[in-house]
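As structure tokens, the structure follows; a few thoughts come after it.
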There are 2 protein chains.
Amino acid sequence: MPGKTDLSELNCSLARTLEVVGDWWTLLIIRDAFLGVRRFGDFQRSLGIAKNILATRLERLTASGIMTRAGSDARPTYQLTERGRELMPAMVALMQWGDKWVSANNPPVAVTDDKGRAVAPVRLRSAGGEVSAQSVRFRPGPGANARTRSFFRELEAARNDAPAPAGSR
Amino acid sequence: MPGKTDLSELNCSLARTLEVVGDWWTLLIIRDAFLGVRRFGDFQRSLGIAKNILATRLERLTASGIMTRAGSDARPTYQLTERGRELMPAMVALMQWGDKWVSANNPPVAVTDDKGRAVAPVRLRSAGGEVSAQSVRFRPGPGANARTRSFFRELEAARNDAPAPAGSR
DNA sequence: CTGTATCCTTAAAGATACTG
DNA sequence: CAGTATCTTTAAGGATACAG
């Protein structure tokens with residue numbers, strides 16, 4: 001993107017994740033890798049991506065430890081590392097969302113375990129069981145900086161303002 | 001992005017998802033919305049995003065039914081719809097990945113349920129229990145088009161080629 | 001405060017030719 | 001086959017001024 005902002009200041013793991021895998025091609029390359037694609041040319045044909053773009057992405061992905069390059073130098077293969085494979089839940093969750101809300105429950109790709117049993121919709125869980133989207137809470141974590149902490153403080157203040165402006169006036 | 005490719009041809013729910021929410025700002029706006037941000041100016045300050053960019057994103061998000069605009073026209077609030085809230089698992093999964101692999105297990109933001117109990121790392125499950133990234137399988141789904149089917153066929157062929165060229169030669 | 005309208009900059013995407 | 005090197009295009013991002 002043109003005047004690309006540096007998101008690293010945002011002190012947020014989501015922003016940090018997006019800095020590494022946050023563009024279309026990167027995510028789709030990882031998807032292909034999950035599917036079993038290994039070769040430069042196969043990625044290229046599968047995605048219809050220009051060679052220079054693909055080369056850049058693969059280099060970035062190997063540099064950030066998400067994929068490894070192996071095999072002959074003339075005809076290497078690219079594979080996901082553990083770091084990369086651990087993106088699986090996020091990828092599947094994104095796919096499931098698209099299955100439901102964009103593909104109208106008519107998934108182009110089915111996800112199963114190795115015995116062909118469907119992977120269930122991804123859910124959030126805590127010690128108390130399933131956590132609905134409504135009941136999820138966010139708060140500053142151990143890695144929060146001053147800006148993040150004040151952000152949450154202000155958020156809290158705004159929440160106390162809006163819903164109950166009765167007695168205050 | 002400049003010469004933006006039309007991913008809708010890719011016949012993949014991930015690509016389709018990325019067409020809707022697949023850029024930095026959109027995802028970060030949704031994150032903020034999850035955190036409780038509601039107002040134009042708050043999004044703007046929180047993210048450090050230009051006003052026109054924010055306006056475009058909010059319009060796209062409401063047009064695609066992920067957020068709704070409510071309240072006075074002069075000072076509206078933006079909230080996630082169900083469609084938007086269902087992105088929660090994917091967002092949290094992405095955050096968790098960043099927590100572990102980029103923020104070095106020092107999360108800026110902690111995610112809990114409404115009783116303060118930590119949300120567990122997102123896992124994939126099937127009728128057989130937890131599904132490891134290694135054992136996940138993909139196959140053409142009901143919505144697969146001819147291109148997707150042949151893609152999987154070729155992938156299968158390649159897999160049979162590489163690992164066992166013994167008897168064939 | 002919440003936008004819209006402009007203008008400008010720039011970097012990302014793509015096409016193409018070429019190399020080991 | 002797997003890239004690298006260029007060149008061009010273009011649209012996204014940002015800044016600013018202005019409006020309701």
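Protein chains get the first letters and strands the later ones, always in sequence-line order, with residue 1 at the start of each.
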**Message:** Would you say B:Arg57 places a side-chain N or O within less than 4.0 Å of OP1 or OP2 belonging to D:dG13?
**Reply:** yes
**Prompt:** Can you tell me if the side-chain N/O atoms of A:Tyr78 get under 4.0 Å from OP1 or OP2 in D:dG3?
**Reply:** yes
**Partners passing salt bridge (Lys or Arg N to Asp or Glu O under 4.0 Å) against B:Arg123 (at least two apart in sequence or in another chain)** = B:Glu130
**Set of side chain to side chain donor-acceptor pair (under 3.5 Å) partners for A:Thr81, sequence neighbours left out** = none
**Prompt:** Taking only residues two or more places apart in sequence or in another chain, which ones pass side chain to side chain donor-acceptor pair (under 3.5 Å) with B:Arg45?
**Reply:** B:Asp42
**Prompt:** Nearest-Å distance, CD (B:Glu19) to P (D:dA12)?
**Reply:** 12 Å
**Fill in**
Between CG of A:Asp23 and C1' of D:dA11 the distance, given in whole Å, is 16 Å
**Message:** The criterion is side chain to side chain donor-acceptor pair (under 3.5 Å); which residues satisfy it with A:Glu86, sequence neighbours excluded?
**Reply:** B:Lys100, B:Trp101
**Asked** Tell me, which of residues 38-55 of chain A have any heavy atom that sits under 4.0 Å from an atom in DNA chain D?
**Response** A:Arg39, A:Phe40, A:Gly41, A:Lys51, A:Asn52, A:Ala55
**Request:** Check DNA chain C against residues 66-77 of chain B and give the residues with a non-hydrogen atom under 4.0 Å, in numerical order.
**Result:** B:Arg69, B:Ala74, B:Arg75, B:Pro76
**Prompt:** Can you name the residues that form a salt bridge (Lys or Arg N to Asp or Glu O under 4.0 Å) with A:Arg69, not counting sequence neighbours?
**Reply:** A:Asp73
**Prompt:** What integer distance in Å separates B:Ile29:CD1 from C:dT2:P?
**Reply:** 14 Å
**Message:** I need the CZ-P distance between B:Arg60 and C:dT4, as an integer number of Å.
**Reply:** 14 Å
**Fill in**
Sequence neighbours excluded, the answer for side chain to side chain donor-acceptor pair (under 3.5 Å) partners of A:Ser103 is B:Ser13, B:Arg16
**Request:** List for me each residue that meets salt bridge (Lys or Arg N to Asp or Glu O under 4.0 Å) alongside A:Arg147, sequence neighbours excluded, and say none if there are none.
**Result:** none
**Request:** Specify whether A:Phe138 and B:Phe34 have parallel, tilted or perpendicular ring planes, treating 30° as the upper limit for parallel and 60° as the lower limit for perpendicular.
**Result:** tilted
